[in-house]
**Q** 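What follows is a structure written as C-alpha cells; I'll ask about it next.
Below, chains carry the letters A, B, ... as their sequence lines are ordered, and counting in each starts from 1.
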Protein chains: 4
Amino acid sequence: MPLNEEQLQQIRDERRDQILKAGLKVFARRGLVGTKLSMIATEARISQGLLYHYFKSKDELFITLIEQALQELKNEMQNVYKLPGSPLEKLRNLVQFDDEGQLYFMLIHQVRTSDEVPEKAKELIKQYSMETYVIDQLELLFIEGQELGELASGDPRKLISCFFTVLSALMTLNISEDGAYQMPEADLILRIVTGRP
Amino acid sequence: MPLNEEQLQQIRDERRDQILKAGLKVFARRGLVGTKLSMIATEARISQGLLYHYFKSKDELFITLIEQALQELKNEMQNVYKLPGSPLEKLRNLVQFDDEGQLYFMLIHQVRTSDEVPEKAKELIKQYSMETYVIDQLELLFIEGQELGELASGDPRKLISCFFTVLSALMTLNISEDGAYQMPEADLILRIVTGRP
Amino acid sequence: MPLNEEQLQQIRDERRDQILKAGLKVFARRGLVGTKLSMIATEARISQGLLYHYFKSKDELFITLIEQALQELKNEMQNVYKLPGSPLEKLRNLVQFDDEGQLYFMLIHQVRTSDEVPEKAKELIKQYSMETYVIDQLELLFIEGQELGELASGDPRKLISCFFTVLSALMTLNISEDGAYQMPEADLILRIVTGRP
Amino acid sequence: MPLNEEQLQQIRDERRDQILKAGLKVFARRGLVGTKLSMIATEARISQGLLYHYFKSKDELFITLIEQALQELKNEMQNVYKLPGSPLEKLRNLVQFDDEGQLYFMLIHQVRTSDEVPEKAKELIKQYSMETYVIDQLELLFIEGQELGELASGDPRKLISCFFTVLSALMTLNISEDGAYQMPEADLILRIVTGRP
DNA sequence: GATGAATGAGTTTTCATTCAT
DNA sequence: AATGAATGAAAACTCATTCAT
C-alpha cells in the first residue's frame, strides 16, 4: 500500500531535518571545504545520493544552515528582554548558550573567517549586521543596567560590541576535550561589562 | 660559474622563509583543507613545483608551521617576566600581540578545531600543554599581582586558564574588516583578571 | 528503487575483476611506473575516478595483483602432481603456461627487477621463496624422473632451480610480435632437464 | 690558467663516458620511465644540469645507449669465430657474458618490452634484426658443429634462434641477490643445442 | 664547463555531483 | 524516495628541462 501524500510529506520533513542537523554538526566543526558530503551523509545515516533530493548542492545546504543560524541568533536576541530578572541576570542567561546555539555560532564564524564560502553566505552575514541584530537590541538593556549600577559605565554601544565579540570568540573555540582551554564561568565573562569581581 | 655554498644556502633560507611566511598567512586564515597550494605559491611568488623542493608535502609544510607556532608561544611566555613594569603592566603587553603572533594563534586554533589535520600536528599540540607552557609560566606573576592587589583574588591557576582562553579566542577571531566584531581594548580584557573597571 | 545487496555485490565483483584483469595486462607489460592509471582505466573501460572506489591507490592495486600472482603460482605448482602421465609429461605441461599465467610471471618479474615497487610487494615476493613453493614441490617429481631415466642425473634441487630459472626467463620475455625472439618448443626446453635431444 | 682545447676535450670525453656508464647501469635495471635523471646524475656523480651539456634529453641519452648496445652485440657476434676451440667451445664463450654485456642485453630488453621508449629506439632495434646480426653470423658455426656431432641435429637457423632466445632471457633476468633464481651453468644451457647431458 | 634552484606539463588522487536501478 | 556506482573537474604531487650564476 503506497503512502499517502501526508505521510510522504512527513518523511520528507524528517529527512530534511536529519540532513540539516547533520550538516550543522559537521560544517560547524570542519567548515565548508573541510566537510565532505560523505561525512554529512554518514552523520545523517542516509546515502550520499539522497542529499541531492533535498538540496541542490553542498553550497545550498550550507547557505540554508546559515539562514537558520541567523534566524536563531535574531530570536535569541529578541528574547533577552522576555527573560526574567535584572539586566545583569538577563545577560547571564545569554552567556549560557545551549549546544545547538554554539554550533550556530561556529557556523557563522566559519563564514567570517573563510573565503571559500559561497558569495550568498557572505552577503547574508553582511546583511545581518551586528549593529542591527545585537547592538540595537541590547542598547536599552545596557543603559538600564548602567543606571542601576550593575554595569560599568562608558559608551554602551561599544561595551555591547566588545562583550559580544568576546562571547562570539568563546563560542567558536569549541572547547576541546583535552582540557587545553578552560571555558570561563559566566560571572568571569560578565566582569567585562560589570567591571567588578 | 656555479654559486658557492654560502650563496646557495642564503637563497635556500630566503626561499624557505618566503614559503613559511606565505603558508602561515594562508593556513592561519583558511585552514589546512581550505588552503590550496596554488594560493601559497602565489602568495610566496614562486611556482607550485618549487614548494616541493623545500617541503615534502602540504602536510609537512603545515606541521613545520605548527612547530614554529608552538616555539613562538613558548618564547612569548618565557619573555613575560623580562618585560618592564608591574605584573598587570606585563600582562597588558601580552594582550597586545603582534600580527605574526596572531597568525600563529590562529594556526594553533586550526589544529584544535579541525579533525582534518595530520596526526603529527595533533600530537605536537597535545604535547604542548597549556598547563606547562602557559599556566606554570604565569603562576608566580599572578600570585604577585594578587598580593599587590592588582589582580582579582581566587585560584590563580584557574584565573590564568580562563584569561588565556579568552585571549586565545579573541586572537582566533581574526577580526575582519567589515567591523562586525570589535576587538576590545586591552583594559577591557584585563578586567577579567583585575575585576575592576 | 535501489538495487539489492546481491545485485550490488555482483556489480562490485565484476568491476573489481575488470580492473584487476586490466591492471594485470598493463602492469605486466609496462611495469609499475610505466603504467599510467589512465591506461588501466581505458583498458578496463571505466573512468579513472572509479579505480579509487575499488583500490586505495595505484600501489594497492599493484600489490593485490602480486598477491594473486603468487597464489596462482602456488596453485600451479601444487597441481603438477595431479596432471596425468610420467614425470616428464607432467613437466611438459608446466612448460605450456596459459596467457594469464605468463602475465603473472611477468608481473613477478617486474617486482624482482625494479626498485620502484612498493616495499610491501618486495616483502611478498621475498616471503614467497622459490625454495618452498617451487623446489620443495617438484623435488619428488624430479627424483622419480631420474629413477625412471627420463631426467638427467645430478642434484635434483639444483636442476629444478636452473630449469625454473630458464622457464621464468622465457616467460618474462614476452615474446613480441616482431619475431625477434623465437619461443623454443617445449621439447627443446625440456632438454635442459633430460639432457637428450 | 685556462685549460687548453685538448684538455677540455679530454674532460668532455670523460664526462660523457661517465654519464653513459651511469645511464647504462640505471636504465638497464629500471627502464626508461623508471629512471629519473637525478638517479643517473647521482650515479655519475655530476649535477643534473650538466647532463644537458652532453645530451639534449633523457631520450637522446637512452637512444645513444641503445646504439652502443647494438654495436656491442654486433661485435660480440663477429668475434665468435675468432675465439679458439671447437664450435661448442666457441659457443660456451658466448654464454659467459661479462657484466657490461649483460647490462646491454637488459637495455635492449627494455626497449622490446616497453612501449614508452622513443620511436627512434624502436626503429633501431627493428633494424638490428636478430636474423642478420645473430642467425646469419652463427649459421656456419652451427652447421660445422652439427657435422662434428657436437650439436644436435635439426634446422640450424631455428636452433640458433631458440638458443639465443634462452640466452637473452637469462641475461635479462638480472639474477637478484636473494637467490630466488639460480643462473644455470654454461653446460646446462648448452644442453639445448647439444642435446646431451 | 658546472651547479642546483626554478618552472610547468603531466600524473595521481580526491570528491561533488549525476545516474541507472 | 532511496541507493551507491560512476563520472569528471580540480587539487596534490613528480620530474624532465631550463636558466641565472
Side-chain angles (χ1 to χ4, degrees), chain A residues 2-3 7-9 11-12 14-15 32-33 35-41 46-59 61, chain B residues 1-5 7-9 11-12 14-16 33 35-41 45-59 61, chain C residues 1-5 7-9 11-12 14-16 33 35-41 45-59 61, chain D residues 2-3 7-9 11-12 14-15 32-33 35-41 46-59 61:
Chain A
L3 299 168
Q7 289 172 313
L8 281 177
Q9 190 55 47
I11 289 181
R12 278 198 287 268
E14 269 175 31
R15 284 287 169 280
L32 181 61
V33 282
T35 298
K36 301 174 195 171
L37 278 193
S38 59
M39 294 171 181
I40 298 178
I46 59 164
S47 74
Q48 233 167 304
L50 192 55
L51 275 169
Y52 286 83
H53 279 241
Y54 293 93
F55 298 93
K56 273 212 284 290
S57 69
K58 189 185 179 183
D59 277 10
L61 170 57
Chain B
M1 194 175 54
L3 297 167
N4 65 37
E5 184 50 38
Q7 291 169 311
L8 283 174
Q9 193 56 48
I11 289 179
R12 281 196 290 262
E14 267 174 34
R15 215 53 83 243
R16 206 182 134 91
V33 282
T35 299
K36 295 168 198 3
L37 282 186
S38 58
M39 297 171 182
I40 298 179
R45 294 168 191 286
I46 58 165
S47 72
Q48 241 167 293
L50 191 57
L51 276 171
Y52 289 86
H53 274 239
Y54 291 92
F55 298 93
K56 273 208 283 292
S57 68
K58 187 181 175 182
D59 276 11
L61 171 57
Chain C
M1 194 176 53
L3 298 167
N4 65 37
E5 184 49 38
Q7 290 169 311
L8 284 174
Q9 194 55 49
I11 289 178
R12 281 197 290 264
E14 267 175 32
R15 215 54 83 242
R16 207 181 132 90
V33 283
T35 299
K36 294 167 198 4
L37 282 186
S38 58
M39 296 170 182
I40 298 179
R45 294 169 190 282
I46 58 166
S47 73
Q48 238 166 294
L50 191 58
L51 275 171
Y52 286 85
H53 274 239
Y54 292 92
F55 298 93
K56 273 210 284 293
S57 67
K58 189 181 174 182
D59 277 12
L61 171 57
Chain D
L3 299 167
Q7 289 171 311
L8 280 176
Q9 191 55 48
I11 289 181
R12 278 199 288 268
E14 269 176 30
R15 285 285 170 279
L32 181 60
V33 283
T35 298
K36 301 172 195 176
L37 278 192
S38 59
M39 295 171 180
I40 298 178
I46 59 164
S47 74
Q48 236 167 300
L50 192 56
L51 275 169
Y52 286 83
H53 278 241
Y54 292 93
F55 298 92
K56 272 212 285 290
S57 68
K58 189 184 178 183
D59 278 10
L61 171 56

**Q** Do Phe55(C) and Ile40(C) have side chains that get closer than 4.5 Å, going by heavy atoms?
**A**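 They are not in contact (no side-chain heavy atoms under 4.5 Å apart), so the answer is no.
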**Q** Just by modelled atom types, is the Thr35(C) backbone N or O under 3.5 Å from a matching donor or acceptor in the Lys58(C) side chain?
**A**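 It does hold such a pair.
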**Q** Just how far, in rounded Å, is C1' of dA20(F) from CG of Leu3(B)?
**A**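 Those two atoms, CG and C1', are 8 Å apart.
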**Q** Check side chain to side chain contact (heavy atoms under 4.5 Å, CB included) between Leu8(C) and all other residues, then give those that pass, not counting sequence neighbours.
**A**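 Applying side chain to side chain contact (heavy atoms under 4.5 Å, CB included) to Leu8(C) gives Leu3(C), Glu5(C), Arg12(C).
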**Q** Quick one: pull up CG in Leu61(A) and CG in Leu51(A) and give me the separation to the nearest 0.5 Å.
**A**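 Here the rounded value is 7.0 Å.
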**Q** Under the rule for side chain to side chain contact (heavy atoms under 4.5 Å, CB included), what residues qualify as partners of Ser38(D), not counting sequence neighbours?
**A**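 Checked Ser38(D) against side chain to side chain contact (heavy atoms under 4.5 Å, CB included); matches are Lys36(D), Gln48(D).
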**Q** Measure the distance from NZ on Lys56(A) to P on dT18(E) and round it to the nearest whole Å.
**A**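 In whole Å, dT18(E) P and Lys56(A) NZ are 11 Å from each other.
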**Q** dT13(E) P sits how many Å from Ile40(C) CD1, rounded?
**A**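 Distance, rounded to whole Å: 11 Å.
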**Q** Applying side chain to side chain contact (heavy atoms under 4.5 Å, CB included), name anything that partners Ser57(C), two or more places apart in sequence or on another chain.
**A**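 Counting only residues at least two positions away or on another chain, Ser57(C) forms a side chain to side chain contact (heavy atoms under 4.5 Å, CB included) with Asp59(C), Glu60(C).
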**Q** Look at the side-chain N and O atoms of Tyr52(B) and state whether any lies under 4.0 Å from the OP1 or OP2 oxygen of dT14(F).
**A**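 Checking dT14(F) against Tyr52(B), no side-chain N or O comes under 4.0 Å of OP1 or OP2.
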**Q** Encode nucleotides 5-11 of chain F as B, S and - characters from 5' to 3', where the letter depends on protein heavy atoms closer than 4.0 Å: B to the base, S only to sugar-phosphate, - to neither.
**A** SBBB--S
**Q** Kindly indicate, with the supporting measurements, whether the criterion side chain to side chain contact (heavy atoms under 4.5 Å, CB included) is fulfilled by Leu37(C) and Tyr52(C).
**A** CA-CA 10 Å; Leu37(C) 282 186; Tyr52(C) 286 85; 2.9 Å; yes
**Q** Whether the side chain of Glu14(B) engages the backbone of Ile11(B) through a donor-acceptor N/O pair (distance < 3.5 Å, no angle test) should be reported.
**A**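 Such a contact is absent between Glu14(B) side chain and Ile11(B) backbone.
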**Q** In dot-bracket notation, what is the pairing pattern of DNA chain E, taking Watson-Crick (N1-N3 plus N6-O4 or O6-N4) and G-U wobble (N1-O2 and O6-N3) contacts under 3.5 Å, with [ ] crossing and | for other strands?
**A** .||||||||||||||||||||
